[in-house]
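Notes to accompany the following structure.
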There are 2 protein chains.
Amino acid sequence: MKEGPDIAQVATLIGDPARANMLTALMSGKALTVSELAQEAGVTIQTASSHLSKLDSGGLLRPRKQGRHKYFSLASDDVAHVLEGLMGLAAGAGHLRKRTGPKDAELRKARVCYNHLAGDMGTQMFDSLIAQGHLVLEGPDLALTQSGLAFVSDFEIDAAALQQARAPLCRECLDWSARRSHLAGSLGRAFLTRFEDLTWAKRDQKTRIVSFSDSGAAAFHRLFPTAST
Amino acid sequence: MKEGPDIAQVATLIGDPARANMLTALMSGKALTVSELAQEAGVTIQTASSHLSKLDSGGLLRPRKQGRHKYFSLASDDVAHVLEGLMGLAAGAGHLRKRTGPKDAELRKARVCYNHLAGDMGTQMFDSLIAQGHLVLEGPDLALTQSGLAFVSDFEIDAAALQQARAPLCRECLDWSARRSHLAGSLGRAFLTRFEDLTWAKRDQKTRIVSFSDSGAAAFHRLFPTAST
DNA sequence: TGGATGCTTCGACTAGGGTCGAAGTATGAA
DNA sequence: TTCATACTTCGACCCTAGTCGAAGCATCCA
């Protein structure tokens with residue numbers, strides 16, 4: 001009767017408000033401790049501990065012990081991907097947000113999606129890389145072209161080193177706000193880190209908003225021009 | 001505190017076993033009645049009715065009344081996309097299926113994913129279309145090239161008519177089994193329909209398995225060759 | 001009009017799971 | 001060793017939400 005894997009179990013895990021808050025908090029890409037996640041979710045530490053062990057055994061999280069602290073992060077990009085998808089459904093359908101605060105616009109413009117850049121600026125970067133021929137869809141995956149490799153190393157990102165790692169270099173990730181792809185994977189991560197190093201942008205840990213400075217935004221648009229710009 | 005849309009509500013909807021079964025059943029792409037979905041989920045009609053109204057108001061379903069029947073189908077490709085993603089998480093992580101029957105292999109080979117072809121053969125078709133230059137990643141979306149247009153009309157699919165419709169023509173969809181993209185969107189749908197018309201393949205409504213005949217599979221591989229084949 | 005079918009609504013029952021207090025374990029610092 | 005911090009486990013409470021029987025609409029057929 002049942003075919004395919006059991007959706008319900010995973011969905012139930014995400015379905016609890018406290019757990020959903022924790023997962024959303026982890027979308028920032030930062031690893032957080034039990035206490036921090038408890039506060040994020042608005043529950044006591046005991047409750048949080050129980051939730052986290054469930055999420056962990058459900059395979060959604062990756063725990064790491066460091067001294068007497070226990071850090072949790074999302075298990076993989078796939079998890080982040082599904083969470084973004086759920087956000088898209090929640091945003092689009094039904095109860096489409098009661099509170100449309102000023103934060104919302106900023107979130108749509110640029111935010112962190114599990115360590116890489118999402119939002120309008122994320123999709124712009126992605127589009128521009130494709131348009132410039134630095135990135136191509138090669139079979140199932142995204143691949144960096146020769147020119148892309150040069151482009152990236154010009155930007156002082158060591159793509160060769162990234163390629164050594166087992167994690168995929170390039171990956172697509174679908175925005176819930178823009179409904180378009182942006183760049184994920186280790187390269188996507190490297191770009192965001194580089195933006196921060198160059199002080200083009202900095203991220204707010206609490207809200208996932210990435211705010212670009214004026215000069216940073218200008219440099220960004222120079223680097224990733226679009227047809228319309 | 002909370003940023004972005006509310007994941008938990010949507011996830012809770014999917015999280016109930018009965019509802020998850022219904023949604024999984026609808027992944028076949030067929031519209032089903034309340035009674036059929038009740039049977040699929042293993043609950044009474046009253047219970048099913050209650051579940052379906054929740055799924056509906058959650059924006060996951062699209063209801064249509066026809067006489068005294070009420071048909072439900074998934075609201076959009078996005079919903080199917082998220083469901084596939086959840087299947088991927090459920091398959092990969094934690095309790096990775098107790099029952100690995102013979103059906104499983106067939107499901108991985110070729111199955112219906114909300115009206116289009118998924119599984120190994122789905123990704124093969126996608127890869128081949130890309131490799132032959134019929135399909136390209138154009139900015140955020142997939143686009144059919146000139147040669148692709150010719151290819152498609154050779155196959156007696158009226159792409160022009162499909163393009164008139166508001167639904168996107170080409171779209172990517174990520175397999176939970178192969179973890180690779182396959183073709184969704186109205187074109188993906190048209191392909192599968194055409195395979196059925198040509199009696200290359202037929203789909204089992206209960207299990208989502210798509211079974212190709214020997215000659216059908218041969219024709220398929222002729223039409224969508226791969227580098228390895 | 002009467003009866004059958006398909007679905008919805010109402011009400012009551014029940015179980016599963018989220019919640020926190022209190023006690024227990026592990027790690028680090030003095 | 002002793003105390004403090006970070007987390008886990010246990011136990012009990014409570015409440016939401018899934019479940020079905022019974023009754024109520026709506027639609028179709030004869």
Side-chain angles (χ1 to χ4, degrees), chain A residues 1-2 6-26 30-73 90 94-95, chain B residues 1-2 6-26 30-73 90 94-95:
Chain A
M1 198 58 66
K2 312 206 181 191
D6 188 3
I7 296 185
Q9 239 143 335
V10 187
T12 304
L13 282 175
I14 309 175
D16 178 78
R19 287 193 292 258
N21 282 339
M22 294 178 179
L23 291 171
T24 308
L26 289 171
K30 244 192 108 173
L32 299 173
T33 66
V34 177
S35 334
E36 289 170 321
L37 287 166
Q39 188 177 359
E40 202 71 42
V43 294
T44 62
I45 300 183
Q46 308 96 291
T47 308
S49 176
S50 147
H51 283 311
L52 288 167
S53 75
K54 283 175 193 173
L55 286 172
D56 183 20
S57 58
L60 299 184
L61 298 184
R62 191 160 62 92
R64 265 167 301 179
K65 285 193 91 165
Q66 242 172 64
R68 51 183 168 181
H69 295 274
K70 193 166 178 184
Y71 287 94
F72 284 96
S73 52
H95 44 84
Chain B
M1 198 60 63
K2 311 208 180 192
D6 188 4
I7 296 185
Q9 238 144 333
V10 187
T12 304
L13 283 176
I14 308 176
D16 178 78
R19 287 194 291 258
N21 284 339
M22 294 177 180
L23 291 170
T24 307
L26 290 171
K30 246 192 105 172
L32 299 173
T33 65
V34 177
S35 333
E36 289 170 322
L37 288 165
Q39 188 176 358
E40 202 72 42
V43 294
T44 61
I45 300 183
Q46 306 96 293
T47 307
S49 175
S50 148
H51 284 311
L52 289 167
S53 76
K54 283 174 193 175
L55 287 172
D56 183 20
S57 58
L60 299 184
L61 299 183
R62 191 161 62 92
R64 266 167 299 178
K65 284 193 91 165
Q66 241 173 64
R68 52 183 167 180
H69 296 273
K70 193 165 177 183
Y71 287 94
F72 284 97
S73 50
H95 43 84

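Convention: sequence-line order gives letters A, B, ...; per-chain numbering from 1.
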[atom1] of [X] versus [atom2] of [N]: gap in Å, rounded?
| X | N | atom1 | atom2 | result |
| --- | --- | --- | --- | --- |
| A:Gln9 | C:dG16 | CD | C1' | 14 Å |
| A:Ile14 | C:dG17 | CD1 | P | 16 Å |
| A:Leu52 | D:dA6 | CG | P | 16 Å |
| A:Met22 | D:dC7 | CE | C1' | 13 Å |
| B:Tyr71 | D:dT27 | OH | P | 16 Å |
| B:Lys70 | C:dT9 | NZ | C1' | 13 Å |
| A:His69 | D:dC7 | NE2 | P | 6 Å |
| B:Leu55 | D:dG18 | CG | P | 10 Å |

Any [X] side-chain nitrogen or oxygen under 4.0 Å from OP1 or OP2 of [N]:
| X | N | value |
| --- | --- | --- |
| B:Ser49 | C:dT8 | yes |
| A:Lys54 | C:dG18 | yes |
| B:Thr47 | D:dC20 | yes |
| B:Lys65 | C:dG6 | no |
| B:His51 | D:dA17 | no |

message: For a 4.5 angstrom cut-off between non-hydrogen side-chain atoms, does A:Leu26 reach A:Leu61?
response: yes
- request: Taking the side chain as every heavy atom from C-beta outward, state whether B:Arg64 and B:Ser73 have any pair of such atoms under 4.5 Å apart.
  value: yes
task: Supply the atom-to-atom distance A:Leu23 CG to A:Leu13 CG, rounded to the nearest 0.5 angstrom.
output: 8.5 Å
Between [options], which nucleotide has the shortest distance from any of its atoms to the side chain of [X]?
| X | options | value |
| --- | --- | --- |
| A:Ile45 | D:dT8, C:dC7, D:dC20 | D:dT8 |
| B:Arg68 | D:dG21, D:dC28, D:dA6 | D:dC28 |
| A:Thr44 | D:dG18, C:dT8, C:dC20 | C:dC20 |
| A:Val34 | C:dT19, D:dT19, D:dC7 | D:dC7 |

query: Base, sugar-phosphate, or nothing: which does A:Ser53 touch, judged by heavy atoms less than 4.0 Å apart?
result: nothing
message: Which is more 5' along DNA chain D, the nucleotide nearest B:Gln46 or the one nearest B:Arg19? Just name the residue.
response: B:Arg19
- line: side-chain contact (heavy atoms from CB on, under 4.5 Å) test vs A:Phe72 passes for just one of A:Val34, A:Thr33, A:Leu55, A:Leu60, namely A:Val34
- prompt: Within the distance-only criterion (no hydrogens, no angle test), does the side chain of B:Ser57 pair as donor or acceptor with the backbone N or O of B:Ser53 below 3.5 angstrom?
  reply: yes
